[in-house]
Amino acid sequence: MLRIAYFGPQGTFTEQAARALAPGEDLTPYETVRLALQAVRDGAADAACVPIENSVEGVVPATLDGLSDGDPLVATAETILPIHFSVLKRPGGGEIRTVASHPHALAQVREWLEANLPDATPVASSSTAAAAVGVVEGDFDAAVSAPVAIEHYPLEELATGVADVCDAQTRFLMVRRPGELPAPTGADRTSIVAAAVNRTGTLSDLLVELAVRGINLTRIDARPTRSNFGEYRFFIDFEGHVAEPRIVDAMAALRRRSHLRFLGSYPRADEVAATIEDGAGNQDFLDAQAWVDAVLKGEGA
Ligand SMILES: O=C(O)C(=O)C[C@]1(C(=O)O)C=C[C@@H](O)C=C1
């Protein structure tokens, strides 16, 4: 049985994602994303499930920083969950003066809180489930939690199906120590982080390497390097798998232009097939390479 670390405690959306990605495996909650990733690096877990981006609030900084620092880890799978919340309180309970949750969750229910609990003070907690634990322990009066949290904690629902944006989604990754890659499916995503020198055109030079090969971006984010003010790392997701000739070509070019870390090639949860531009398909790259090989052997021109 695989040992799967996940961003917990029990009852987070991430636990739900881990169950979807690794059904029947041995799941262990860790209090922070960093600790879940560390468990994989230390060998205490075979893989970790962590949130990466939300359609309303954007990226999860702890995950980006956790993947770019420390020993390399690579994503082997992703899943996307619809996000709507339950607001939980102690049974009976009294006035709701504080309402706690993960900052991403609070940001996704801001309008609901203003309309329904205008006098309650929002308080940030390490996860949606940590907020539920805090309510059980009397630290807060209510928690904005994943619907499954009610199964883990002796709380009652003040409201369910809460979301300012009704079709909000969060994407989660399963990451491991580098090893065998998942096979290409034709509907894959590749994730990288690139640090380049601070000079005019650096970012555009990186993006051009993808654009000229007809490779479609699915996400780009910048995070500070944390060492030199004003220096950034670029987290780039694009369509395709590193085992494809067109992606190999792009990765080699990016590697020449930046300090590059490969963060994985894995099947897309939405199964959207990669866009292939005319003349930029894998066979086009293979044919071009075969032509160059023939030239080198003196067999063609
Ligand atoms: O706290 C949780 O339940 C999580 O799994 C984290 C997280 C996030 O990081 O965005 C996941 C989904 C929701 O968007 C809110 C919180």
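All residue numbers refer to positions in the sequence shown, counting from 1. Indexing begins at 1, ligand by ligand and atom by atom, following the structure's order.
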Undergrad: For Thr170 versus Pro51, what's the shortest heavy-atom pair and its separation?
TA: CG2-CB, 4.3 Å
Undergrad: Counting only heavy atoms not in Arg34 (residues, nucleotides, ligands), do more than 12 fall under 6.0 Å from its CZ?
TA: no
Undergrad: Of all the non-hydrogen atoms in the protein, which one sits nearest to atom 8 (C) of ligand 1, and at what distance?
TA: His104 ND1, 3.6 Å
Undergrad: Answer with side chain, backbone, both or neither: which part of Ser127 has a heavy atom less than 4.0 angstrom from an atom of ligand 1?
TA: both
Undergrad: Relative to the heavy atoms of Pro51, which atoms of ligand 1 are at a distance of less than 4.0 Å?
TA: 9 (O)
Undergrad: Which residue is it: Asp69, Asp221, Asp65? I am looking for the one with a side-chain hydrogen bond (donor to acceptor under 3.5 Å, both in side chains) to Arg233.
TA: Asp69
Undergrad: How many angstroms lie between CZ in Arg189 and CZ in Arg219, if you round to the nearest 0.5 Å?
TA: 8.5 Å
Undergrad: Counting each atom of ligand 1 from 1 as listed, which ones have a heavy atom of Thr14 under 4.0 Å away?
TA: 4 (C), 5 (O)
Undergrad: Tell me, do Ile220 and Leu207 make a side-chain contact under 4.5 Å, heavy atoms counted?
TA: yes
Undergrad: Counting heavy atoms only, which part of Thr12 comes closer than 4.0 Å to ligand 1: side chain, backbone, both or neither?
TA: both
Undergrad: Are Gln108 and ligand 1 in contact, using a heavy-atom cut-off of under 4.0 Å?
TA: yes
Undergrad: In the structure I gave you, are the side-chain heavy atoms of Glu15 and Pro29 within less than 4.5 Å of one another anywhere?
TA: no
Undergrad: Determine, considering heavy atoms only, which of Phe7, Phe13, Tyr6 sits nearest to atom 6 (C) of ligand 1.
TA: Phe7
Undergrad: May I ask you to list the atoms of ligand 1 that are less than 4.0 angstrom from any heavy atom of Val60?
TA: 9 (O)
Undergrad: What protein heavy atom is closest to atom 12 (C) of ligand 1, reported as residue, atom name and distance in Å?
TA: Thr170 OG1, 3.5 Å
Undergrad: Between Thr128 (side chain) and Val144 (backbone), is there a donor-acceptor pair under 3.5 Å?
TA: no
Undergrad: Have a look at ligand 1 and work out which part of Asn54, if any, has a heavy atom under 4.0 Å from it: side chain, backbone, both or neither.
TA: side chain
Undergrad: Going by the order shown, which atoms of ligand 1 are within less than 4.0 Å of some heavy atom of Thr128?
TA: 1 (O), 2 (C), 3 (O)
Undergrad: Main chain of Val135, side chain of Arg90: is a donor-acceptor contact present, judged purely on distance under 3.5 Å?
TA: yes
